[in-house]
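Report on one structure; see the data block that follows.
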Amino acid sequence: MSLEPSLVLACVARSARTLPVLLRAGRFGVSLLGARHRGLAHLFASTATDKFQGAWTTLVPDGCPVLPDAVFAMECLVHSTFTVGDHEVIIGAVEAVAIGDEEAIVFHNRAMRHLGEPMSAEPVAVRP
């Protein structure tokens, strides 16, 4: 959201179990996933309670968990928050970044896709 200072924006559902943990910690980690992480992406999209199984690392001392082999990872300090509808908007001050070399995946049109993949030209209905 800003290069100087380095700030990012994250939106978390106010009903998410992760939100109070994130706000108490005052920091959060972001891992951009590649094709080999599809299972992990589906795990984090689920309501499972133990999502941090397996190998995790931190980029700074006392940091937040990020994937050691993520396409891109960053750790942020919570800069500010505000409520919009049923989500909390969290502005994070970027503290550290690690960049890998794999193509990232995103969730689009109900499926995991590579960022370089052509997206459907079909319109998707959006609720008013």
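- Nearest approach of Arg27 to Val78, heavy atoms of both residues: N-CG2, 3.8 Å.
- Across every non-hydrogen atom of His37 and Asp69, the tightest pair is NE2-OD1, 3.2 Å.
- For the residue pair Val66 and Glu75, the shortest heavy atom distance occurs at CG1-CG, 4.2 Å.
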Task: Arg14 and Thr83: CA distance, side-chain angles, deciding distance, side-chain contact (heavy atoms from CB on, under 4.5 Å) verdict - done: CA-CA 8 Å; Arg14 290 176 55 214; Thr83 302; 3.5 Å; yes
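- Residues near Val21 contribute nothing to a hydrophobic cluster around it, because no ILVMFWY side-chain heavy atom sits closer than 4.5 Å to its side chain.
- Contact record, Gly34 with Ile105: O-CD1, 3.4 Å, taken as the closest heavy-atom pair.
- Note that CD1 of Ile91 and CZ of Phe82 are 5.0 Å apart. Values are rounded to the nearest 0.5 Å.
- To the nearest 0.5 Å, the span separating SG on Cys11 from CG on Leu19 amounts to 11.0 Å.
- One distance of note links CZ of Arg36 with CG of Leu67; it measures 8.5 Å at 0.5 Å rounding.
- Connection of Val30 to Ile99 is established within a shared hydrophobic cluster, with ILVMFWY side chains joined at heavy-atom distances below 4.5 Å, either directly or through further cluster members.
- Partners of Val94 under the side-chain contact (heavy atoms from CB on, under 4.5 Å) rule, at least two apart in sequence or in another chain, are Ser6, Val8, Met74, Cys76, Val97.
- Between Cys64 and Gly29, the shortest heavy-atom distance links the atoms CB-N, 3.6 Å.
- Here the shortest heavy-atom pairing between Pro20 and Ala16 reads CD-O, 3.5 Å.
- For the pair His79 and Leu7, the minimum side-chain heavy-atom distance is below 4.5 Å.
- Counting heavy atoms from C-beta on, the side chains of Leu33 and Arg38 never come closer than 4.5 Å.
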TODO: Please test Val12 against His87 for side-chain contact (heavy atoms from CB on, under 4.5 Å), starting from the C-alpha separation and ending with a verdict.
DONE: CA-CA 5 Å; Val12 180; His87 279 66; 5.6 Å; no
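- Contact annotation: the side chain of Val89 never approaches that of Thr81 to less than 4.5 Å [non-hydrogen atoms, C-beta and beyond].
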